[in-house]
Amino acid sequence: MLLEISGLTSHYGRIQALKGIDLQIREGELVALVGANGAGKTTLLRCMSGVQPITGGTIKFDGKDISKMSPEHRVGLGICQSPEGRQVFGPMSVEDNLRLGAYRRHGPNIKADMDRMYEMFPILHKKRELPAGTLSGGQQQMLAIARALMGHPRVLLLDEPSMGLAPLLVAEIFKIVEALKENGTTIFLVEQNAYAALAIADRGYVLETGSVVLSDDGAKLLTNEKVKEAYLGL
Ligand SMILES: Nc1ncnc2c1ncn2[C@@H]1O[C@H](COP(=O)(O)OP(=O)(O)O)[C@@H](O)[C@H]1O
Ligand SMILES: [Mg+2]
């Protein structure tokens, strides 16, 4: 098991946002976490990357308890996040945004990695000298994913990559996520777009008000009556 979360709880003051989450991610898997707005998806991701304190339970990575490890150290281990709302640095160039994704690393490989990103996302190459804030929403999402990839993720955490994008771009982003999985990247995909996420996921979890209420193969969740009714509008 690459990542193993047991009994995880987290609070905002007296409000309990996560109520004892158990979740596992194996190496090479694409695991989806779906749930409505406010279910606790972002809170869980932020607990995994270490920017949100946990109040109980454990997070193990590669068998080692990282529950108290700093966010910087977790990035160093390869836990790399593309945050909700993309959060690219608008005034900085596309290229400098990419460079930031490799801030835990040094040396000549960074140039090679950047070239690899430009190959994967030709539009970022074309716009590499422009301020990131001038990119469209879809391009900023590609940049946020590429920036996370620059950290050499052993697990890539994606928080709602399709949020706010037009349908054609949503399809493009999901194709990119699928291609990354096929290249062997381990991915934890958090989405309100349950249909698209479960359709490409090996396994999925359904989160409701801070608790996992269902977990199964992605394909099985897609045909689950409860999921269909609550999340797929079918
Ligand atoms: N900074 C915060 N302060 C207080 N409550 C918060 C904060 N962030 C999130 N919450 C609450 O925690 C719950 C889970 O939020 P969140 O993790 O953002 O859900 P999701 O990503 O699934 O939409 C919600 O009820 C939300 O109102
Ligand atoms: Mg969220």
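All figures in this text were calculated on a predicted structure; none of them were measured in a lab. In this chain, residues are counted from 1 in sequence order.
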Look only at the side chain of [X] and the backbone of [Y], and say whether a donor-acceptor pair between them is shorter than 3.5 Å.
| X | Y | value |
| --- | --- | --- |
| Q139 | S136 | yes |
| R128 | S93 | no |
| Q87 | E84 | yes |
| D62 | K64 | no |
| S82 | A148 | no |
| N224 | K220 | no |

Which value, rounded to the nearest 0.5 Å, describes the distance between [X] atom [atom1] and [Y] atom [atom2]?
| X | Y | atom1 | atom2 | value |
| --- | --- | --- | --- | --- |
| R116 | F121 | CZ | CZ | 10.0 Å |
| L30 | L180 | CG | CG | 9.5 Å |
| C80 | L157 | SG | CG | 8.0 Å |
| I25 | F188 | CD1 | CZ | 5.0 Å |
| K60 | Q24 | NZ | CD | 11.5 Å |
| D115 | I110 | CG | CD1 | 12.0 Å |

Answer whether the closest heavy-atom distance between the side chains of [X] and [Y] falls below 4.5 Å.
| X | Y | answer |
| --- | --- | --- |
| L77 | I66 | yes |
| L214 | V227 | yes |
| I54 | T9 | no |

Between the side chains of [X] and [Y], does any donor sit under 3.5 Å from an acceptor?
| X | Y | result |
| --- | --- | --- |
| Y205 | R203 | yes |
| N183 | T185 | no |
| Q81 | S49 | yes |
| E191 | S162 | yes |
| Q140 | R86 | no |
| D113 | H152 | yes |
| D159 | T42 | yes |
| S10 | T43 | no |

Any chance you could lay out the salt bridge (Lys or Arg N to Asp or Glu O under 4.0 Å) test for K41 and E160, step after step, and finish with the verdict? CA-CA 9 Å; K41 303 182 300 298; E160 305 232 28; 3.8 Å; yes
Check against side-chain contact (heavy atoms from CB on, under 4.5 Å), I173 and M142: CA-CA 8 Å; I173 292 294; M142 290 176 199; 4.2 Å; yes
Test: [X] and [Y] ion pair at under 4.0 Å:
| X | Y | value |
| --- | --- | --- |
| E29 | R26 | yes |
| D202 | K181 | yes |
| E225 | K228 | yes |
| R154 | E27 | yes |

Shortest non-hydrogen contact from [X] toward [Y]:
| X | Y | result |
| --- | --- | --- |
| L98 | A146 | CD2-CB, 3.5 Å |
| F89 | A132 | O-CB, 3.6 Å |
| P153 | L149 | CD-O, 3.3 Å |
| L165 | G137 | CD2-C, 3.5 Å |
| A199 | L222 | CA-CD1, 3.7 Å |
| G40 | L207 | C-CD2, 3.5 Å |

Pair Y195, V34 - check side-chain contact (heavy atoms from CB on, under 4.5 Å), show working. CA-CA 9 Å; Y195 185 82; V34 302; over 6 Å; no
Decide yes or no on side-chain contact (heavy atoms from CB on, under 4.5 Å) for E95 and Y118, but give the supporting numbers first. CA-CA 10 Å; E95 186 142 316; Y118 287 148; 2.6 Å; yes
As a quick check of understanding, evaluate side-chain contact (heavy atoms from CB on, under 4.5 Å) for I187 and V31, giving each step before the final call. CA-CA 6 Å; I187 300 169; V31 175; over 6 Å; no
Hydrophobic clusters here meaning ILVMFWY residues chained together by side-chain heavy-atom distances under 4.5 Å, can you tell me if [X] and [Y] are in one?
| X | Y | value |
| --- | --- | --- |
| M69 | I21 | yes |
| I145 | L45 | no |
| L18 | L23 | yes |
| I5 | V206 | no |
| V212 | L189 | no |

Are more than 12 heavy atoms, taken from residues, nucleotides or ligands other than E119, located less than 6.0 Å from that residue's CD atom? no
Among R147, M150, H125, which residue meets the side chain to side chain contact (heavy atoms under 4.5 Å, CB included) test with M117? M150
Could you go through the salt bridge (Lys or Arg N to Asp or Glu O under 4.0 Å) check for K175 and E172 one step at a time? CA-CA 5 Å; K175 258 190 223 142; E172 196 173 335; over 6 Å; no
